[in-house]
Amino acid sequence: MGMPFDSLEEAEKFYVNYAKISGFSVRKSSTKYRNNDGAKELYLRDFVCSKEGFKKSSTIKQTRGHVRLGCKAKISLMKDGERWKVHSLVEGHSHVLCTPRKTHLLRSHREVTNAQKSLIDTFRGANVSTAQTMSILGMDSGGYEEVGCTERDIRNYIGKNRNELKDYDAELFPNHFKEKSEMNPSCYFAYKVDKDNKLTHCFWADGGARKAYGHFGDVVVFDTTYSTNKYSLICAPFTGVNHHFQSINFGCGLLNDEKIDSFMWLFEKWLDAMGNSPPKAFITDQDPAIGAAIAHLFPQVPHRFCIWHIMKKVTEKVSPVSYRSEFLEPFKACVYGSETSDEFEEKWWGIIRKFKLEQNEWLATMFLIREKWIPLYFKDIFMAGMKSSQRSESQNSVFDKYFNKNNSLIEFIHLFERALERQRYNELVADHGTFDKSPELATNYAIESQMAKRYTQKNFTCSKRKLYLLCSVDR
């Protein structure tokens, strides 16, 4: 009794440390104030065992159990001049105390330190999961017991940050691009809001995306199957392929719906960002709104449907026949192996008659739009080795490593930029591999030597296979 402390914070720290050694948790309780020359002054503060008091009765079913068990243990601190002294102390507890191995789980002994917060923020920037973050902190601290906080504490810290941002998210998102545009005029950004000032459409493309389009924008894959933020806005990336057959980004949009007007707005902004230079071909899924927008804005650009998506539907639309190898194998040979339209139609109708599929409406529709997805109808069009929007889906799989559906808009764009950094770094690595190593030649043909000097490693590997076949050279 009467033990002095220079400050209330020092006294609290002393009692919390005592509680940790003893095996119980502490929380703040009652306070008393007095008048000091007209000013309100705190002069009495109680710190109690976390199991002090009783839970108020409620009709709501409890699933987490009761914490408060009427424990009387507490310390009362009273201000005496400029110092604080112990006014009263109750040591006895009405419950079993925690063992030393478990005291780190008690609430008053847990804290996400500033150093840990900095690490968590860094990990979030790389979209490291909370579970993985906890694992790393455990390894760094010498065990989970030494971390000083729990996985739930980390989740609460992240959730608190998101809640603090939510009221400013819509403002931070466009401001981010305005700042980027001021620093680098090659960064393009456009957005649209509704009458309530809520974001409905946006498009952005940095200088790297615009430059990449200038080099590799012959064929563009457009896909809207990816939704990756807490506002459920549709992510709509424009994707291509570079000289290493790697996916590259030509800009990205966010839309609140998939209507024709929305796609029209997005394509117009994208075209403006790319210097009003349309691609030589588009690949998309069969979304009619996308098709209508492309037909209106790019009437001269060949538009192909994703053959991978269509072939995926075969088992659904033609079941149960499609599960039989005697149907599926000749059907694939018809789709992928036909060299002329006459050959394709002969094979197609032969399969239709053989399996009595004349009444199948989906197959009838697919035949009517055959020039949109059967490879032979665009074999004379440069497609950069792409036949489907799987190129975009492979990029989405990269995005999956960075995004989740809890991301705010500003989190999303920071993570998107991180994903692009990684994508562009992979291109740099591939460039270095091409210039650092000379491929081995398997023939004495001058054309192979020229290919080795001019092509990237990936292009050379693909092209020499065709050369070997033409020259009937054993590999």
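Of all heavy-atom pairs spanning Arg110 and His104, the tightest one is CG-O, 3.1 Å. Heavy-atom minimum distance, Asp206 versus Ala209: OD1-N, 2.8 Å.
Between Val193 and Lys198 the shortest side-chain heavy-atom distance does not fall below 4.5 Å. The shortest side-chain heavy-atom distance between Glu268 and Leu297 falls under the 4.5 Å cut-off. Side-chain contact between Gln246 and Glu427 is present, with heavy atoms from C-beta onward closer than 4.5 Å. Side-chain contact between Met451 and Asn459 is absent, with no heavy atoms from C-beta onward closer than 4.5 Å. In this structure, the side chains of Leu409 and Leu233 come closer than 4.5 Å at one or more pairs of heavy atoms. At least one side-chain heavy atom of His201 sits under 4.5 Å from a side-chain heavy atom of Ser262.
Ser449 places no side-chain N or O within 3.5 Å of a backbone atom of Tyr445 that could act as its donor or acceptor partner. Between the side chain of Gln457 and the backbone N or O of Ala430, no donor-acceptor pair lies under 3.5 Å. The backbone N or O of Val147 sits less than 3.5 Å from a side-chain atom of Gln116, completing a donor-acceptor pair. A donor-acceptor contact shorter than 3.5 Å links the side chain of Ser181 to the backbone of Cys187. When atom types are taken as modelled, the side chain of Trp373 and the backbone of Trp308 share no donor-acceptor pair closer than 3.5 angstrom. In terms of modelled atom types and a separation under 3.5 Å, the side chain of Glu111 and the main chain of Gly148 share no donor-acceptor contact. Although no hydrogens or angles enter the test, the distance criterion places a donor-acceptor pair under 3.5 Å between the side chain of Thr103 and the main chain of Pro100. In this structure, the side chain of Thr224 does not engage the main chain of Ala236 through any donor-acceptor pair within 3.5 Å.
Using a 30° and 60° split on the angle between ring planes, His303 and Phe305 fall in the perpendicular class, above 60°.
Shown are Tyr188, Phe238, Phe177; of these, the ring pair (Phe, Tyr, Trp, His ring centres under 6.0 Å) with Trp204 is made only by Phe177. Results of the side-chain contact (heavy atoms from CB on, under 4.5 Å) test with Val335 over Lys347, Met311, Met366, Arg370 single out Met311 as the only residue that passes.
Residues Asp342 and Thr340 have side chains that never bring a donor and an acceptor to within less than 3.5 angstrom of each other. For the 3.5 Å distance criterion, the side chains of Gln132 and Ser135 fail to qualify, holding no donor opposite an acceptor.
Residues His243 and Phe216 bring their aromatic ring centres within 6.0 Å. Taking the six-membered ring where the residue is Trp, the centroids of Phe222 and Phe282 are separated by 6.0 Å or more.
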Which pairs would a plain distance check flag for residues 349-360, meaning a side-chain donor or acceptor within less than 3.5 Å of a matching protein atom at least two apart in sequence or in another chain?
{"unit_1": "Asn360", "atom_1": "OD1", "unit_2": "Trp362", "atom_2": "N", "d": "3.1"}
{"unit_1": "Asn360", "atom_1": "OD1", "unit_2": "Leu363", "atom_2": "N", "d": "2.9"}
{"unit_1": "Asn360", "atom_1": "ND2", "unit_2": "Lys317", "atom_2": "O", "d": "3.1"}

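Between Lys313 and Glu316, none of the side-chain N atoms (NZ, or NE/NH1/NH2) sits under 4.0 Å from a carboxylate O, so this pair counts as no salt bridge.
Atom CG of Asp431 sits about 8.5 Å away from atom OG1 of Thr456, to the nearest 0.5 Å. In this structure, the separation between CD1 on Ile248 and CG on Asn426 is 13.0 Å, given to the nearest 0.5 Å. Atom CD of Glu371 sits about 11.0 Å away from atom CZ of Phe378, to the nearest 0.5 Å. We find the CZ-CZ distance between Arg27 and Arg107 to be 13.5 Å, quoted to the nearest 0.5 Å. To the nearest 0.5 angstrom, Met386 atom CE is 8.5 Å from Thr239 atom OG1.
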Exercise for the section: Apply salt bridge (charged side-chain N to carboxylate O under 4.0 Å, His left out) to the pair Glu151 and Arg155, showing each step before the final yes or no. Expected result: CA-CA 6 Å; Glu151 189 172 324; Arg155 292 185 190 279; 2.7 Å; yes
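Annotation: cation-pi pair Lys269/Phe203 absent, no NZ/CZ under 6.0 Å from the ring centroid and within 45° of its normal. Within the cation-pi definition used here (under 6.0 Å to the ring centroid, within 45° of the axis), Arg210 does not qualify as a partner of Tyr213.
When the salt bridge (charged side-chain N to carboxylate O under 4.0 Å, His left out) test is applied to Lys180, the partners found at least two apart in sequence or on another chain are Glu417.
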